[in-house]
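Numbered from 1 within each chain, the chains take letters A, B, ... in sequence-line order.
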Amino acid sequence: MMNKGGGSGGGSGPTAAAAAAALQKQKALLQRVDTDITSVVDNFNQIVNVARVSDPPMKNSQEAYMMEMRASRLVQAADSLLKLVSELKQTAIFSGFASLNDHVEQRIAEFDQEAEKTNRLLARIADDASASLKELESHYYSSAQRSTLD
Amino acid sequence: MDSDMEISLDRLPIKRLESIEENGAERFPSDVDYDDKRVSLIRRIDFAWALEEEDELKKKKQKKSSKDSVEQWKWKGMVENLQLAHQELTVIIDLIDTVQANDAVTVAGMTRPKPMPNEILSDLAVSTATKLQGYRNLGNYFKQSAKALEQKINREARFYGALIRLQRNWKVKRQRMLASNASNEGFTIDLSDSSLYDPTSGFRPSTLSTIRVDHDSAGMLAINVPQDSWYSLRFGYVGLNPIGNSNESDEHIDSTTGHDIPGTSEKLSASDDKYVKETHSLLREVHKSIFAEQLFDMLNREAFNEGVGFNISGLRENFMEMSIGQGASLFVSLHPSGKNPSIKKSESATLLIESSGRVEPAEGGDYRLKKLGFPNRTSYEIYLQQIFHEHAFGKAKDQLKSKSIRASNQTEKDSNSGLLDHFCLSLTHRIFSNRVLVHLESVVCKVPYLHLISHPTWNSRTSSWTVFMTVPPSIIPQGRSETQSPDGKRNLKTQFRTKVVVKDDCISVEAECTPNVVGLLKSSSCNLFSINKYECDVADLPVMILQQVASQIVCWLLEEARTVGTKASREFLSLSLEIVEGERVSLVAHVNPEDAKGCISWWLVMENGCTEEREGVSESRKLLGHLSLDVLYSVLMDLINLCGTGRNALERL
C-alpha cells in the first residue's frame, strides 16, 4: 500500500524518518478503514434490529427516527471510505516514483529516437536536395534552354 | 354541631430563618406564592371523611326514613340528597378547575379500559405499516446515496484517468496547502524546465509555468489558462513585414489551437480521449509560449552585450528592433497569440474572405524580399528557435550527462554567448550570399560554356559555388602527345573550376590559371595545376570571374598549342603565336560583364614586329565576337596551321 522500502536501511536520518512517517500514515489509514467499516456494520445491525414492530406505538416512531439517523451514519461511513480510496489513488499516482521514472525514461528514449529519426530524415532530405540541385543545375546548364532564355 | 367543628391552624406567615451561614448571612425559605399555597391546600383535601360521612348519612337516612317516615316531610330526604350531590359536584368542579389551571396535580393511578382484540390488531397493523413505510424511505435514501456515490466514483475515475494520462507527458504536482479548497484538489502542472533555472544562467521562470488543475462542473479535469496569456515569437524584416499584424501561418495555428478550450456543452459529448488530447495540445501551446518567452528573454539579455553582427535600434516591452549588415534591419517580438475562441470563430470567416485579397501584397512582398536577397523569414524563425533550443536544452542535456566536466561547459558557454550575434551574422551572410549568387548566375547565364554548381555546406555562415567549364577534347591522339606526365596520363586538363567561397561577408575565389602579377611576368608558361586563392568584393566579382575564366581558356589554348608543337606565349588574357619572324598574331580576350550576349569576346590582333613604332599603323585588330570553345579551338588550329605554313614558307625561302 505504501512505500515502506528503504526504512530497513535504517542508517540515514531522512529515510528512516520518511519510513516512520509512512508507517504512521499506514496505521492511520488502516484505523480509518476499521472505524468506517465498524460504523457501517454497527449501523446496519441497528437498522435490522429495529425492524421488529414493538407494542407501544410511541416506541415505533422513536425507532423511525433512529433508523433515519443510522442510515445517514451508514452513508457517511461509506463516503468516508470512498474518500479514503481516492486518497489512496492520489498516493498511488503521486508516489509511484518507480513507474513515474520508468515513464520518464521511456519518454526520453522515445523522444531521443524521434529526434534521431528527424535528424536522419533531415540529413536525407538535405542529401536528396543537394543531389537534385546538382542534377538540375547540370541539366539546366547543358540544355539549350539557357541560351534561348537570355 | 359545634363539637364537630374542627379548626386547623396554619403556620403564621412570618419569615423564618432556615439557616445562618458562617459569615452571618441569613437564608430564608423561598416565598410561597398564592398558587402554590392553593395547590398545597388542594393536595390536603382528603375525600375519605366525605365518603365515610356519606355512608353514615345514608345509614342514618335509612334509619330515619324507617322511623320518621310519617312525621317528617317526605321531600326532605330528597332535598338533602340533592344538597350533598351539589356539594360534591362543586368540590369536583373546583378540583377540575385547579387541574386545568396548572398541571401540578398528578393523577396517581388510572386504569385504562381493556381494549378489544380488533382494536389491538388494528393498532398493530398501523404501526407495522408505519414501520414498513419507514423502511421504504430508508431504501430510497440508500438508493439515492448509492447513486450519488457511484457518480462520484465515476467522476473520480475519469478525473484520475485524465490526470494519469497527463502525468505521462507533464509534471503534475500536488500541493497539500490548496487541497482544502473544494473545487481544487491542489494539483498543478509544472511546465518550467528546472534545468534552465540555475542562477548563473539567469532565466526567470515564466508566469505561465504553473497551471492549476481544477474540476469543471461535470467533475472532469479542467485547466485554467488565461486566454490572452500566451505568446508566440515573431520575427521579420522592418519595412517588409507587418509588425503588429500576425502572419498567416500564425493565424492558422491560432485557429486550430484556439478551440482547445472546450465549452461546457462540448465537454459532455466529447470523449475523454479527445478531451485529454485537447488538454495536451493546450498545454503544449503554453509550453511553446514559455519557450518563446525564454528565447525572447535571452535575446534581450544578449542585446546588451557587444555584438559584431547587430546594432540595436529599438527596444520596447516584448519588442526589439536591430539593424544588421547588408542594409537590413529586423525585429523580434513577442506577440500575444491566445485569443478568445468565440471571437476567433466569428473572425475566421472574415479572415478567409480577407485572405484572398491578401495574396497579392504577399506575393509582392515575396518579390521584394527576393530582390533584396532576404531569405524566407519563416525558415529563419525556425532557425532562431532551433539554435536557442540547442543552446539551452542541448547544454542542459550535456550537463546532465557529464556534470563533472566544468571546463568544457565553460568553453561552450563562451562560444554560445553570442547567440544573437551568430544569428544576425548568419542572416547577414545569407542575404550577402544571395546577392553573390545573383551576380554569379548573371555571369554564368551569359557565357554559354560555363556551368554553375552549388555546394551545400550545411553551415549557416559559409556558402560555396563552383563555376565549371569543360573544354572540348584535343584532336591530337593521346599517344602522340608530347607533354606527358610521368605517370603516363595526359597533362592536359579537360575541366576548369573556379571555386567561390563566401564566409560571413568575405568572398574568396580559388582557381587554377590565375591571371596575377606573377603570370604577367612569367608569360611564357602557365601552371595548370597550381591553385591560387584571392579575395574580392561583390562589385568586382563578375569581372574577376570572367577574367578567371578567360585566363583559363587562354591557358588551355596555350597548352593545346604547345601540344601541337607550336611556340606560343601567354600574356595576361592574350595568347600570342609567332607566324613569321617579327610577326605575331594574338588571340585576346575582352571581358565585359555588362555585355548581354556573352561577356567574353575575342579579338585577333596582328602585330608587325619590324616596325618599332606600332600603334595603329602596323597593328590591326579584328573582333571575332563571342566564340564558343569549339570555334576558339578551331581558330587556334587555323592559326597554328598558318604558323606552320608561314614557317615552311620561310624555310622554303
Side-chain angles (χ1 to χ4, degrees), chain A residues 47-48 50-61 63-68 70-72 74-76 78-79 81-83 85-87 89-96 99-100 103-104 106-108 112 122-123 126-127 129-131 133-134 136-138 140-142 144 146-147 149-150, chain B residues 120 123-135 137-142 144-146 148-150 152-153 155-157 159-160 163-164 167-169 171-174 179 185-187 397 442 444-458 465-466 468 470 596-598:
Chain A
I47 288 173
V48 172
V50 286
R52 177 199 194 91
V53 181
S54 43
D55 223 10
M58 204 169 68
K59 205 181 166 194
N60 275 335
S61 63
E63 277 170 357
Y65 285 124
M66 197 170 79
M67 254 158 53
E68 273 173 26
R70 297 282 174 196
S72 70
L74 202 148
V75 170
Q76 204 181 338
D79 188 46
L81 270 179
L82 276 181
K83 260 189 195 142
V85 168
S86 96
E87 248 175 65
K89 273 185 195 165
Q90 277 187 21
T91 314
I93 291 172
F94 288 99
S95 308
S99 68
L100 279 182
H103 246 302
V104 171
Q106 196 187 326
R107 294 298 284 180
I108 288 174
D112 279 348
L122 276 176
D127 285 348
S130 71
L133 181 65
K134 201 169 180 177
L136 287 171
E137 274 176 342
S138 75
Y140 172 68
Y141 287 113
S142 57
R146 56 178 291 196
S147 43
L149 251 175
D150 291 308
Chain B
I120 296 175
D123 277 359
L124 199 64
V126 166
S127 54
T128 310
T130 320
K131 194 144 256 187
L132 187 65
Q133 192 60 38
Y135 273 101
N137 285 339
L138 220 59
N140 282 336
Y141 173 64
F142 279 140
Q144 265 179 11
S145 39
L149 289 180
E150 207 169 317
K152 200 177 157 193
I153 289 171
R155 273 211 309 257
E156 256 181 18
F159 178 79
Y160 285 117
L163 197 66
I164 286 171
Q167 201 189 22
R168 287 181 188 166
N169 288 310
K171 198 197 281 176
V172 181
K173 282 185 174 176
R174 181 168 51 163
E185 300 272 336
F187 297 120
K397 213 179 243 179
S442 74
V444 168
C445 280
K446 287 175 198 161
V447 185
Y449 40 84
L450 287 183
H451 292 193
L452 181 71
I453 300 171
S454 308
H455 299 292
T457 55
W458 313 129
W465 300 272
T466 297
F468 174 76
T470 308
K597 285 177 182 166

Can you tell which of [options] has the highest number of heavy-atom pairs within less than 4.5 Å of chain B?
options                            : value
V85(A), V50(A), L133(A)            : V50(A)
S138(A), A129(A), A126(A), S130(A) : A126(A)
R107(A), K134(A), R70(A), E68(A)   : R107(A)

Answer with side chain, backbone, both or neither: which region of [X] has an atom nearer than 4.5 Å to a non-hydrogen atom of chain A?
X       : answer
I164(B) : side chain
S454(B) : both
L132(B) : neither
F142(B) : side chain
L149(B) : both

- Message: Would K152(B) and D79(A) count as a side-chain contact (heavy atoms from CB on, under 4.5 Å) here? Give the steps.
- Response: CA-CA 10 Å; K152(B) 200 177 157 193; D79(A) 188 46; 2.9 Å; yes

- Message: What verdict does the side-chain contact (heavy atoms from CB on, under 4.5 Å) test give for E156(B) and K83(A), after you've listed the backbone C-alpha separation in whole Å, the side-chain angles of each residue and the deciding distance to 0.1 Å?
- Response: CA-CA 10 Å; E156(B) 256 181 18; K83(A) 260 189 195 142; over 6 Å; no

- Region of S99(A) that comes under 4.5 Å of a non-hydrogen atom in chain B: neither

- Message: Please classify the contact between I47(A) and chain B as side chain, backbone, both or neither, with a heavy-atom cut-off of under 4.5 Å.
- Response: both

- Task: Keeping the roles fixed (side chain from K89(A), backbone from A157(B)), state whether a donor-acceptor pair exists under 3.5 Å.
- Result: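 No.
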
- Atom OH in Y141(A), atom CG in L452(B): separation rounded to 0.5 Å? 4.5 Å

- Item | Which residues share a side-chain hydrogen bond (donor to acceptor under 3.5 Å, both in side chains) with S442(B), sequence neighbours left out |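 Partners of S442(B) by the side-chain hydrogen bond (donor to acceptor under 3.5 Å, both in side chains) criterion come out as none, since no residue qualifies.
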
- For Q106(A), look at atom CD and say whether over 12 heavy atoms of other residues, nucleotides or ligands are found less than 6.0 Å away. yes

- Message: Assess the residue pair V444(B) and F468(B) against the criterion (side-chain contact (heavy atoms from CB on, under 4.5 Å)); give the C-alpha distance rounded to whole Å, side-chain angles, the decisive distance to 0.1 Å, and a yes or no.
- Response: CA-CA 9 Å; V444(B) 168; F468(B) 174 76; over 6 Å; no

